[in-house]
Amino acid sequence: MKQSLMENLQKLYNKCEYQKIVDTLLEIDPEQWGYDLTCIFARALNELGEYDDALGYLLKVAQQGRKDYMWYVRIGYTYYLQKRYKDASKMFEKALKLQPNNQDVVLFATLAKSAEKKENIHDSINNMIDRLKSMEEEPEKENIKNMIEKLPQEKNILNTHTLLHMLHDDDNNNNNNNNNNNITFPIKRNFLKNWWGYRNCFVTNRIMVEGKKIGFMYRDVPKEGKNDSGWRFTAGDESSEYMVDENNFGLYDLNVICNYDNDIVPYLDSDYGTAYCRDENGIFQRADPPEFE
């Protein structure tokens with residue numbers, strides 16, 4: 001019975017039906033769950049954003065989990081979602097002691113350590129890649145992509161679309177150089193050495209997905225909770241319907257955009273409400289900003 005229940009719960013998890021997992025398990029007396037079902041319940045609570053409750057259930061089975069690396073991963077993941085990065089880092093490192101060459105755990109351990117140090121996400125991922133390269137087997141790029149997709153979705157840092165796009169861009173560079181095993185990000189320079197504000201910016205898919213050049217840039221009032229610099233970059237030919245669809249934008253690190261097009265660098269200290277349009281000679285000129293909400 002327990003095996004069939006576990007299989008059913010796993011199917012629900014694969015379908016992202018986390019509330020059904022909670023409801024199913026609550027039909028059983030929690031005292032009868034045991035270690036495995038308690039961990040599944042906590043995992044579902046994490047997905048539902050109930051981090052404190054998830055932590056409580058994981059701590060209830062701490063004694064049984066002390067030799068299970070996945071218990072440390074789960075509780076480390078919970079701490080990470082609570083932004084308790086130091087605690088998360090400790091748990092992931094303990095998991096690595098039990099599973100030294102587990103690449104998934106390396107990803108989370110490096111991410112938590114970088115968050116604890118308040119590192120830029122680009123540095124965080126490069127640190128993870130360096131750590132993977134120090135292991136016995138050289139990490140394959142497809143594995144890195146799969147691991148990045150497992151990252152917790154933090155809205156105030158770069159999203160996974162950004163990281164995957166950067167790897168895709170590097171795929172193109174490496175194909176040109178016949179060197180497909182070189183896992184790096186195409187960031188050559190730090191243009192923000194004297195930049196003291198938030199670094200995130202919004203860029204349309206016309207630029208970052210379709211490869212168009214920046215044609216129009218403006219500095220809006222920053223969005224709260226996103227470490228937002230206020231900068232918005234467009235190709236300049238996007239329709240009004242295109243611009244109101246948030247799916248047509250990505251959240252990127254400002255230095256990434258500077259490396260793609262360093263023509264924008266001299267204008268980055270402009271005040272909110274400032275806009276620039278690239279003229280026929282490729283030079284940015286002051287322009288009327290769009291109507292800010």
Side-chain angles (χ1 to χ4, degrees), residues 80-89 110-130 148 151-167 169-170 184-204 207-208 213-236 246 249-278 283-293:
Y80 184 89
L81 294 173
Q82 291 178 316
K83 295 182 170 55
R84 295 171 58 178
Y85 301 126
K86 185 175 183 179
D87 292 327
S89 181
T110 309
L111 187 68
K113 180 62 68 175
S114 295
E116 180 186 348
K117 294 179 178 180
K118 299 182 178 180
E119 290 180 338
N120 178 270
I121 191 67
H122 166 259
D123 295 332
S124 172
I125 299 300
N126 273 330
N127 287 340
M128 182 268 290
I129 291 172
D130 288 341
I148 287 174
L151 289 172
Q153 293 297 301
E154 292 279 2
K155 293 182 179 180
N156 63 332
I157 61 175
L158 289 181
N159 56 27
T160 56
H161 169 79
T162 302
L163 299 172
L164 292 171
H165 174 80
M166 292 164 74
L167 276 175
D169 184 74
D170 189 45
T184 58
F185 288 107
I187 306 302
K188 306 301 181 185
R189 290 184 57 188
N190 178 14
F191 288 95
L192 303 180
K193 292 180 179 179
N194 298 318
W195 181 268
W196 299 104
Y198 289 135
R199 294 169 59 111
N200 286 348
C201 60
F202 287 86
V203 190
T204 65
I207 297 169
M208 298 305 289
K213 200 172 183 66
I214 295 172
F216 185 74
M217 56 186 282
Y218 65 95
R219 198 172 192 188
D220 201 348
V221 176
K223 291 182 178 293
E224 293 185 4
K226 292 184 179 290
N227 290 351
D228 184 12
S229 68
W231 277 111
R232 315 288 182 251
F233 299 95
T234 77
E246 291 187 356
F249 288 82
L251 183 65
Y252 295 84
D253 184 90
L254 194 57
N255 191 54
V256 172
I257 310 307
C258 291
N259 273 268
Y260 284 156
D261 187 352
N262 56 44
D263 289 346
I264 70 175
V265 174
Y267 310 100
L268 294 181
D269 288 324
S270 300
D271 295 332
Y272 301 131
T274 304
Y276 298 92
C277 183
R278 197 187 295 270
I283 307 300
F284 281 109
Q285 305 290 349
R286 285 292 291 266
D288 293 330
E291 294 184 3
F292 300 118
E293 296 182 357

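Index from 1, following the sequence.
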With a 4.0 Å cut-off, would you call R199 and D253 a salt bridge? yes
Salt bridge check, K83 against D87: does any charged N sit closer than 4.0 Å to a carboxylate O? no
So CH2 of W231 and CG of D220: to nearest 0.5 Å the spacing works out to 10.5 Å
Residue pair F233 / I257, side-chain heavy-atom distance below 4.5 Å: yes
Apply side chain to side chain donor-acceptor pair (under 3.5 Å) to T234 and list each qualifying residue two or more places apart in sequence or on a separate chain. none
Do any N or O atoms from the side chain of R219 and from the backbone of S270 form a donor-acceptor pair under 3.5 angstrom? yes
List in chain and number order the residues that pass side-chain contact (heavy atoms from CB on, under 4.5 Å) with Q285, two or more places apart in sequence or in another chain; answer none if no residue qualifies. D279, I283
How close do N255 and L192 get, heavy atom to heavy atom, and via which atoms? N-CD1, 3.5 Å
Residues in ring pair (Phe, Tyr, Trp, His ring centres under 6.0 Å) with F202, at least two apart? none
Taking the side chain as every heavy atom from C-beta outward, state whether T274 and M217 have any atom pair closer than 4.5 Å. no
4.5 Å side-chain heavy-atom contact, Y198 and P222: no
Specify the closest pair of heavy atoms between G236 and F216, including all atoms of both residues, with the distance to one decimal. CA-CB, 4.1 Å
Under the side-chain contact (heavy atoms from CB on, under 4.5 Å) rule, collect the residues that match up with D269, sequence neighbours excluded. W195
In Å, rounded to the nearest 0.5 Å, how long is the span from CG of D228 to SG of C201? 8.5 Å
Note, N200 side chain near L254 side chain (heavy atom, < 4.5 Å): no
For Y267, all residues meeting ring pair (Phe, Tyr, Trp, His ring centres under 6.0 Å), sequence neighbours excluded: Y276, F284
L268 vs S229 side-chain heavy atoms within contact, under 4.5 Å: no
With sequence neighbours left out, what residues match R278 under salt bridge (Lys or Arg N to Asp or Glu O under 4.0 Å)? D261, D263
Atom CZ in F249, atom CZ in R232: separation rounded to 0.5 Å? 8.5 Å
Where G273 and P289 come nearest, the two heavy atoms and their spacing: O-CG, 3.2 Å
